[in-house]
Amino acid sequence: MDHFAEPYRIKVVEPINLISREEREQKIREAYFNIFNLKSRDVFVDLLTDSGTGAMSDNQWAGMMLGDEAYAQCRNYENFVETLRDVFGFEFFIPVHQGRVAENLLFSTIVKKGDYIINNTHFDTTRANTLHKGGIPIDLICKESKDPHSDFPFKGNMDVEALEDFIREKGAEKIPACFLTITNNSTGGQPVSMANIKATKMVLDKFDIPLYFDCARFAENAFFIKTKEKGYAEKSIKEITREMFSYADGALMSAKKDGLVNMGGFIGINDAELEQKLTNLMILIEGFRTYGGLAGRDLEAIARGIYEALDERYLEFRTKQVKFLGDELMKRGVPIIEPTGGHAVFINAGEFLPHIPPGEFPGQALVVALYREGGIRSCEIGSIMFESEDPTSGEKKYAPYELVRLAVPRRVYTNAHLMHVALCIEKIAGYKDKLSGFDFEYETKYLRHFTMRLREIKPVTAKV
Ligand SMILES: Cc1ncc(COP(=O)(O)O)c(C=O)c1O
């Protein structure tokens, strides 16, 4: 790969500390092997998520000082709406404090018990919010994504044929909305092509079903369209974004990703009647319509962050840095979902640890090993997160892949940190056959990964 360097320099630093192996062993046990229970100060390189963990720019921090904290109609709300209209083109924008609130508002308003919500792949919170309102989440991911080693550039795509078949089988009246998650987080941060967005919209138009984007990583998706899809190389990221969103009837965004902020989100929509209903519910649970659970300064940081995310030099560095980590792992024989996506490297733990069956969660075994080996926090995206029940037979289904996500926070770590991760995984590869799986000591019905307590099936000693 060409040499590449950050298109920014570091102005503020935050110390991090690698505690001793013995301490790490004690901490992971005290956390019941649930990395969400680990204290941040006990983590050295934190790749748990790219959500809300990015570094803001000097321009955003300067904007924070211009926070207008009036309860109603603060000037930052005006900047917020103006920016979002300019970038995404919808008529109405409803601020919320994070993405899942947008999901809650929309699904509370449009989903009836037994309705289907279709997605290329639901993220955990979209899935949980659909189920919580009595809906049935359906994933219709493209066939190319089923081969983890295929280098098809748009493995986040919807299976458009399957979409049409599904609508014909179940009936459009049972499907209040269809989503495209861009990029598609749960299948490896893989992008969706413009052609697929258009084709999805064409099918939905036949049945009068609205298309929504779950667009937390819209800028990374637009960058992949620019660099990998014919006809877009000469277009700006903003032009590509406008075209993408011209096919959508609405969008939900967790701004904690490509909004380059630590907290925030919004719903964008054109339908005035729906906007009214959503706003009324939002006022009930989040706050007045011009702040939506956020401070004025947060709205300002989002407005500035959205423009910064359109910067091609930033997006080029970002995607190259993620690819750098993926390449270092592949060089060491670690199986990952190829090609690397926009925000994370996804290790195929099912393939890396074939001796651990899906029901004993190989992804979690690797997550725990990474913490023990190098103080690295990562996230299981496998059957702990996505085990489901067949809606008709009630039979348990494991996740399609047992993955470990190494999510790279935006503008936070250098490549030296990522090399530490690659070298730790290389060491783990030397003793991986000794790793053991887990079972549950405590779990909840929804989003169990956040609060679970686990037991190691065959306890491993501190020095494996
Ligand atoms: C694709 C996608 N949708 C929705 C969400 C939920 O957003 P939030 O964590 O801000 O509630 C996330 C968070 O990671 C996400 O990746």
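Counting starts at 1 for both ligands and their atoms, following the listed order.
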Notebook entry, point to check: Has ligand 1 got any nitrogen or oxygen that is less than 3.5 angstrom from a nitrogen or oxygen of N185?
Noted result: yes
Next item on the list: Identify the protein heavy atom lying closest to atom 5 (C) of ligand 1, giving its residue, its atom name and the separation to 0.1 Å.
Entry: F123 CD2, 3.5 Å
Checklist line | ligand 1 atoms in contact with R100 (distance to a heavy atom under 4.0 Å) | finding: 7 (O), 8 (P), 9 (O), 11 (O)
Next item on the list: Using distance alone, determine whether T181 and ligand 1 share an N or O pair under 3.5 Å.
Entry: no
Notebook entry, point to check: Charged N to carboxylate O below 4.0 Å: is that the case for K320 and E6?
Noted result: no
Next item on the list: Determine, stepwise, if the pair T121 / N184 fulfils side chain to side chain donor-acceptor pair (under 3.5 Å).
Entry: CA-CA 7 Å; T121 314; N184 192 340; 3.1 Å; yes
Checklist line | Nearest neighbour of atom 13 (C) of ligand 1 from the list K257, K256, Q98, on a heavy-atom basis | finding: K257
Check: Considering only heavy atoms of G99, which atoms of ligand 1 have at least one such atom less than 4.0 Å away?
Finding: 7 (O), 8 (P), 10 (O), 11 (O)
Notebook entry, point to check: Nearest protein heavy atom to atom 3 (N) of ligand 1, by residue and atom, and its distance?
Noted result: D214 OD2, 2.9 Å
Notebook entry, point to check: Aromatic rings F317 and F4: how do their planes relate, parallel, tilted or perpendicular, breaks at 30° and 60°?
Noted result: tilted
Check: Is A216 in polar range of ligand 1, meaning some N or O pair under 3.5 Å apart?
Finding: no
Next item on the list: Using a strict 4.0 Å cut-off to heavy atoms of R217, name the atoms of ligand 1 that fall inside it.
Entry: 1 (C), 15 (C), 16 (O)
Next item on the list: Quickly, which of E380, H343, M385 forms a side chain to side chain contact (heavy atoms under 4.5 Å, CB included) with R405? Name it, please.
Entry: H343
Next item on the list: Indicate yes or no: does R410 engage E220 in a salt bridge with an N to O separation below 4.0 Å.
Entry: yes
Next item on the list: Please write down residue, atom name and distance for the protein heavy atom closest to atom 10 (O) of ligand 1.
Entry: S254 OG, 2.7 Å
Item checked: Any T126 heavy atom less than 4.0 Å from ligand 1 -> no
Next item on the list: Could you check F266, Y247, F80 and say which one makes a ring pair (Phe, Tyr, Trp, His ring centres under 6.0 Å) with F88?
Entry: F266
Notebook entry, point to check: In the protein, which heavy atom is nearest to atom 4 (C) of ligand 1, and how far is it?
Noted result: E103 OE2, 3.2 Å
Next item on the list: Check the side chains of K133 and N104 for a donor-acceptor pair under 3.5 angstrom, ignoring hydrogens and angles.
Entry: yes
Check: For atom 6 (C) of ligand 1, what's the nearest protein heavy atom and its distance?
Finding: T125 OG1, 3.4 Å
Next item on the list: Please state whether the rings of F440 and F361 are parallel, tilted or perpendicular, taking 30° and 60° as the class boundaries.
Entry: perpendicular
Margin query: Any salt bridge linking K155 with D147? Criterion: basic side-chain nitrogen under 4.0 Å from a carboxylate oxygen.
Written below: no
